[in-house]
Amino acid sequence: MKVGITCYPTYGGSGIVATELGLELANRGHEVHFISYANPIRLDPGVPRIHYHEVDVSTYPLFQYPPYCLALASRMAEVADSYGLDLLHVHYAIPHSIAAMLAQQMMAPVRRLPFITTLHGTDITLVGAEPSYFPITRFSIEQSDGVTSISEYLRQRTVDVFGVRREIRVIENFVNCDVYRPDPQKTGAREYAPEGEKLLIHISNFRPVKRVLDCIRILAEAAKRAPAHLLMVGDGPDRGAAEHLARELKVEHRVSFLGKQNHVERLFPLAHVLLLPSELESFGLAALEGMACGVPPVATRVGGVPELVRHGVDGFLEQPGDIAAQAARVVELLRDEALHDRMARESRRSAQERFCSDRIIPQYERYYDEVVNGRAQAA
Ligand code: GMT
């Protein structure tokens with residue numbers, strides 16, 4: 001099949017899922033065309049059957065806000081026409097879904113161009129629920145030829161918040177278990193922890209919903225009872241505050257802020273525990289990537305996270321903001337080697353048996369087939 005994929009190409013779970021999906025599809029013989037304003041971060045150039053089409057948003061003194069959505073729609077229609085795309089698959093409803101709908105209408109005199117919208121989380125729970133975006137988000141969901149959601153939680157939330165009656169297919173996030181794999185030797189960990197401290201890791205876009213300050217507080221508490229060092233990977237609005245808090249709590253020597261990293265599959269395997277203290281998480285892709293590397297998560301019982309992490313089996317779930325409880329779980333995992341080994345094994349097994357690309361990508365392929373052949377249930 002020939003698929004056009006649009007996503008936010010910079011850092012963020014939805015762009016990562018879209019990029020990994022494109023790579024997996026290309027690997028399975030499909031032709032994939034990324035259409036976006038920048039090359040998606042995890043997309044190395046030169047991959048066979050992958051094409052990248054940049055959207056150029058020209059400015060003009062009249063445009064206080066350059067009309068990206070329109071430029072994107074034009075490019076989508078152009079690429080669809082030139083390369084004979086079978087469908088467009090957009091990740092994150094706003095504004096990608098509306099751009100796809102416009103491209104579809106532009107192509108209508110030529111042929112049918114169906115589009116699928118994949119909902120990732122904040123497009124529904126935060127942005128889409130804002131009064132100014134609410135009606136257009138609902139409209140874009142109704143107009144899509146197919147809609148998928150990355151967890152059952154997000155599907156239900158979309159139904160509850162938007163009163164959507166059409167089918168929303170749940171296709172959970174996935175991980176490539178050959179790329180994300182454990183390293184029992186934890187080669188390279190000493191670079192960050194020369195005294196042999198165990199490493200904790202947090203990876204996110206450092207937005208308030210991620211509660212990154214909690215990571216620093218958890219580390220400070222846990223380090224009183226077990227030697228530990230925290231890797232903070234990513235960047236975003238709360239990074240400065242997190243660095244400040246580390247100094248205030250006098251643990252700055254125990255925290256490494258690594259900034260945005262392209263090859264997180266090299267960092268996860270160094271860690272013993274992954275921290276995901278989010279206020280809300282529709283899935284928690286970072287936790288899945290960590291689990292595939294045999295790193296049990298200490299996460300919060302919010303949104304779709306319990307669909308991924310089974311409390312006491314392959315990780316622990318506590319309440320958001322409960323630093324004492326999360327720190328206590330970290331200490332358990334750092335001190336009790338047998339417990340850690342068991343959970344690390346279960347994490348890996350869980351990723352392999354429930355969320356490996358080989359299990360999930362065929363679900364997208366089947367859905368594409370239904371949508372292209374007009375068998376998916378619309379509004
Ligand atoms: O919160 C983020 O990291 C960004 C956001 C996005 O759309 O880029 O992530 C959402 O999509 C991810 C991939 O499907 C999910 O794993 C995250 O749970 C989800 N974030 C939230 O729901 C807050």
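Counting convention: from 1, in listed order, for ligands and their atoms alike. Not measured: the values here are computed from a predicted model. Counting begins at 1 with the first residue of the sequence.
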Point to revise | Ion pair check, Asp160 and Arg157, cut-off under 4.0 Å | key: no

Check your understanding: Any link between Leu119 and Val170 through a network of hydrophobic side chains (Ile, Leu, Val, Met, Phe, Trp, Tyr) touching at under 4.5 Å?
Key -> no

Practice item. Only pairs at least two apart or in different chains count here, so list each ring pair (Phe, Tyr, Trp, His ring centres under 6.0 Å) that has a residue in residues 281-307. Key: Phe283-Phe355

Exercise for review: Identify, with sequence neighbours excluded, every residue that meets salt bridge (charged side-chain N to carboxylate O under 4.0 Å, His left out) alongside Lys250.
Suggested key: none

Would you mind listing each N/O atom of ligand 1 next to any protein N/O under 3.5 Å, plus the distance?
from	atom 1	to	atom 2	distance (Å)
ligand 1	1 (O)	Lys210	NZ	3.1
ligand 1	3 (O)	Asn205	ND2	3.3
ligand 1	3 (O)	Lys210	NZ	3.1
ligand 1	7 (O)	Ser14	OG	3.1
ligand 1	8 (O)	Gly13	N	3.1
ligand 1	8 (O)	Ser14	N	2.9
ligand 1	8 (O)	Ser14	OG	3.0
ligand 1	11 (O)	His120	O	3.3
ligand 1	14 (O)	His120	ND1	2.7
ligand 1	14 (O)	Asn173	ND2	2.9
ligand 1	16 (O)	Gly284	N	3.2
ligand 1	16 (O)	Leu285	N	3.0
ligand 1	18 (O)	Glu281	OE2	2.7
ligand 1	18 (O)	Ser282	N	3.2
ligand 1	18 (O)	Phe283	N	3.1
ligand 1	18 (O)	Gly284	N	3.1
ligand 1	20 (N)	Glu281	OE2	3.3
ligand 1	22 (O)	Ser282	N	2.9
ligand 1	22 (O)	Ser282	OG	2.9

Review point. Under a 4.0 Å N-O cut-off, is there an ion pair linking Arg75 with Glu54?
Key: no

**Study point:** Residues which pass salt bridge (charged side-chain N to carboxylate O under 4.0 Å, His left out) with Glu243, listed by chain and number, not counting sequence neighbours
**Key:** Arg239

